[in-house]
Amino acid sequence: MKIVHRRIIALSCSCLFAAATTTLAQTGSGTAASPDNTAIASSTGPSVPSLAELGLSSVSAQENTQDQKAPATSNAPSLSDLGFAASQTQGSAQEQTRLNKRTHMLKVHQTLGLITLIPMVAAVATGGGAKIKRGTDGTYIQPSTTNLDLHVALGATTGALYTATAYYAIFAPKIPGEKPRGAIRLHRYLEYVHGPGMVMTGVLGILAYNQENKGQKVHGIASAHGTVADVTVAAYAASIVAVSWPIRLKFWEGR
């Protein structure tokens, strides 16, 4: 019996010792952690309330964060909602090619038109020297061959350049639904003056040239060669000014 009691007492002591050791270990770890926690709390200032204290769960916080990151959607109607088909909103390569060709040809037309004005004015200026003149004694004085040939050459050059200029304007691709406005419309109106005028000037010039070669004074309808040429040059110059002059009349721009 004494031996049994001794064993029970020894077992109890060992259990008490183990329990005390465990308690001391837990206490030491808590004591060691508390200074660090106290230092962190004191360095970061007042404590921040947790999500639970604010009445929010972690799932709600994640949903709010996703809502903030989601881009704002616009309710503005699209072009298809307004009744525009995709073919109407997308550019056409064929139309762009036609527009580029029209732009190029009209630029060439404008350049040739300015160049044509030079021999045209020179032909009018030399027209006086190509006429048969009547001397003081009543006899007719034939123009010199140089003056006559120069006038004819300038007239022929003007006709060739004018034809090329008109070609680039006539055969430039047309834009459907485009209507001339403002100075462009005035430019088009003047075409009906200097266009026929160029043809008549050339025809009358040939008649006048044949009459002078025969030693005759220019007579009949051929005598209107100079007047028609002057009107043609004036209308042609006005058509250039209508689209090239920096100051344009508001009367034409508003129409």
- prompt: Same hydrophobic cluster for V124 and I118, using side-chain heavy-atom links shorter than 4.5 Å among ILVMFWY?
  reply: no

Would you kindly confirm whether Y192 and L190 end up in one hydrophobic cluster when ILVMFWY residues are joined by side chain heavy atoms under 4.5 Å apart?
no

query = Does the side chain of M120 reach to within under 4.5 Å of the side chain of M198, using non-hydrogen atoms?
reply = yes

Hits for salt bridge (charged side-chain N to carboxylate O under 4.0 Å, His left out) against R188, two or more places apart or cross-chain, chain-then-number order -> none

Same apolar cluster: Y209 and L204, side chain cutoff 4.5 Å: no

message: Checking R98 against K101 for the side-chain contact (heavy atoms from CB on, under 4.5 Å) test, could you report, in this order, the C-alpha distance in whole Å, the side-chain angles of both residues, the deciding distance, and whether it holds?
response: CA-CA 5 Å; R98 180 172 58 181; K101 184 178 180 181; 5.7 Å; no

For residues 152-161, the side chain to side chain donor-acceptor pair (under 3.5 Å) pairs (sequence neighbours left out) are none

Across all chains, not counting sequence neighbours, the side chain to side chain donor-acceptor pair (under 3.5 Å) partners of D230 are none

TODO: For H187 and A242, indicate whether the former's side chain and the latter's backbone hold a donor-acceptor pair under 3.5 Å.
DONE: no

Closest heavy-atom pair, Y168 versus L106, reported as atoms and distance to 0.1 Å, is O-CD2, 4.5 Å

Heavy atoms of G155 and A123 approach each other most closely as N-CB, 4.1 Å

Inspect the surroundings of NZ in K174 and state if more than 12 heavy atoms from other residues, nucleotides or ligands are less than 6.0 Å away.
yes

Quick note, side chain to side chain donor-acceptor pair (under 3.5 Å) partners involving residues 108-127, not counting sequence neighbours, are T116-T165, T126-H151

Those residues at least two apart in sequence (or on a different chain) that pass ring-ring contact (aromatic ring centres under 6.0 Å, His included) with H194 are Y162, Y236

What pairs of donor and acceptor atoms, side-chain ones from residues 218-229 against any protein atom, are under 3.5 angstrom apart with sequence neighbours left out?
residue	atom	partner	partner atom	Å
H219	ND1	Q211	OE1	3.4
H219	ND1	K217	O	2.9
S223	OG	G220	O	2.5
H225	ND1	T201	O	3.0
H225	ND1	G205	N	3.2

Separation between CD1 (I240) and CG (L117), nearest 0.5 Å, reads 4.5 Å

Between P173 and M105 the two heavy atoms that sit nearest each other are CD-SD, 3.9 Å

Single-linkage hydrophobic cluster V233~L114, side-chain heavy atoms < 4.5 angstrom: yes

Margin query: Could you see if L154 belongs to whatever hydrophobic cluster contains L161? Use Ile, Leu, Val, Met, Phe, Trp, Tyr and a side-chain cutoff under 4.5 Å.
Written below: no

